[in-house]
Amino acid sequence: MTFDRRTFLRRAGLGAAGAGALAAGITPAVSAQSSLPAEIGALPGAGAGVPVGTLLDYASGPPSAAAVRAAGHMGAVRYCSNRRPGAEWMTGKPLLRREVDDFRAHGLNMVSCYQYGRAETADWKEGAAGGEKHAPIGIRLHREAGGPRGVPMYVAIDDNPSRWQFDNQIAPYLERWAAHLRGAGLKLGVYANAPTIDWCRGRGLGEYFWQHDWGSNGRLNPHATIHQLPVSRQVTVGGVESDLNRVYALDYGQWWPIDPLTLAQSAVGSSV
């Protein structure tokens, strides 16, 4: 089956930047910075490659898919986790099937993430025991929302941890997540700052990385699949305040399509 360029871009969820990159003969991907034309590589925040579009992430709401699409975003990174006590405002937790169906009907992509606690109650502070407790919950909520096999769950390290904390708490936590995700036919993604992404890669933890800036010291890790922009760049879509994220790969862990590179090859061989 082949797709024309417009169909490919819609199904891959690419924004205008991604469309421009494909038109120029560039396949956006992480670690592509060295091969980019100077004018593209110089784009703000383009340290991980060509930004191909934007995603939202929000804990309240959710906004309608029609509003997300009208605002020009590819979709959203969504919580497959319950709201913690005292966070009743997090009406967007957990992700539910009706939101997924709405997104899919409007040609938008969904990406799974997990975060329950934060700060002193951060999930990773429980170490391996935390992974054993939280991973089954995230996997169950992903499945109940209609999430497929073969995609990642971005597991949140929403902190600026020390190396000791990484070695003794975060790594054991993520190792148990990885084991559970493998057993469920899923992959491990990690939401973390730039140094923690480096540490994860050194331990072979994570296939996808969603970077936040706390403790990143202005550096965009070249292995970041998604980059969450600062709070000052938040947007309101459909009445819901949301973080804004730039995407740096055709495969950023989205539920649809599962294999965007195959679609890209089909698009190149088809007529415009």
Side-chain angles (χ1 to χ4, degrees), residues 55-65 68 75-104 108-149 151-159 161 169-170 172-192 196 205-206 208-210 212 214 226 228 231 234 237-243 245 253-255:
L55 297 170
L56 302 177
D57 76 270
Y58 41 84
S60 61
S64 70
V68 175
V77 188
R78 294 292 290 116
Y79 290 103
C80 295
S81 50
N82 294 309
R83 71 189 72 155
R84 59 184 175 271
E88 286 74 20
W89 64 270
M90 292 185 174
T91 53
K93 281 189 174 185
L95 172 65
L96 298 175
R97 182 61 183 259
R98 61 175 178 264
E99 182 184 352
V100 171
D101 291 343
D102 188 25
F103 265 49
R104 193 163 198 177
L108 298 176
N109 282 321
M110 192 70 70
V111 180
S112 296
C113 69
Y114 187 92
Q115 181 179 5
Y116 178 69
R118 69 174 301 275
E120 292 306 314
T121 63
D123 310 326
W124 60 263
K125 290 188 175 180
E126 301 175 70
E132 289 290 340
K133 177 172 75 175
H134 293 283
I137 298 171
I139 292 167
R140 175 178 57 80
L141 291 172
H142 171 86
R143 287 174 170 164
E144 288 177 354
R149 295 168 61 90
V151 298
M153 174 85 69
Y154 285 93
V155 178
I157 310 299
D158 189 11
D159 290 275
Q169 295 173 296
I170 294 171
Y173 174 70
L174 293 177
E175 284 167 355
R176 295 315 306 151
W177 261 101
H180 281 279
L181 290 169
R182 280 195 304 271
L186 298 169
K187 302 175 183 179
L188 175 64
V190 182
Y191 170 75
T196 305
L205 290 169
Y208 298 76
F209 299 98
W210 175 20
H212 64 76
W214 181 16
I226 307 171
Q228 185 182 69
V231 172
Q234 284 184 332
V237 176
V240 177
E241 189 173 66
S242 174
D243 287 318
N245 302 268
Q254 72 271 38
W255 293 9

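- Contact record, P63 with G238: CB-CA, 4.3 Å, taken as the closest heavy-atom pair.
- Using a 4.5 Å heavy-atom cutoff, the side chains of V77 and Y191 are not in contact.
- Taking the six-membered ring where the residue is Trp, the centroids of F103 and W255 are separated by 6.0 Å or more.
- Taking the six-membered ring where the residue is Trp, W210 and Y154 present perpendicular rings, their angle passing 60° and hence far from 30°.
- When every heavy atom of L95 is checked against every heavy atom of C80, the shortest pair comes out as CD2-SG, 4.2 Å.
- Ring pair W177/Y173 is perpendicular by interplanar angle, where above 60° counts as perpendicular and below 30° as parallel.
- Closest heavy-atom contact between T196 and P161: OG1-CG, 3.5 Å.
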Q: Test H134 against Y116 for side-chain hydrogen bond (donor to acceptor under 3.5 Å, both in side chains), laying out the working first.
A: CA-CA 8 Å; H134 293 283; Y116 178 69; over 6 Å; no

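- Side-chain contact between P94 and L141 is present, with at least one heavy-atom pair separated by less than 4.5 Å.
- The distance from atom NZ of K125 to atom CD of E120, rounded to the nearest 0.5 Å, is 4.0 Å.
- Here the side chain of R78 pairs no donor or acceptor atom with the backbone of K93 at under 3.5 angstrom.
- Partners of D57 according to the side-chain hydrogen bond (donor to acceptor under 3.5 Å, both in side chains) rule, which considers only residues two or more places apart in sequence or in another chain, are Q228, N245.
- Summarising the geometry of L181 relative to M153, their closest heavy-atom pair is CD2-CB, 4.0 Å, with the distance given to 0.1 Å.
- Distance check: L188 CG to R182 CZ gives 9.0 Å after rounding to the nearest 0.5 Å.
- V151 and H142 get closest at one heavy-atom pair: CG2-CE1, 3.7 Å.
- Between V240 and S60, the closest heavy-atom pair is CG1-OG, 3.6 Å.
- Taking R140 as the reference, E144 meet the side-chain hydrogen bond (donor to acceptor under 3.5 Å, both in side chains) condition, with sequence neighbours excluded.
- Counting heavy atoms from C-beta on, the side chains of R98 and D102 never come closer than 4.5 Å.
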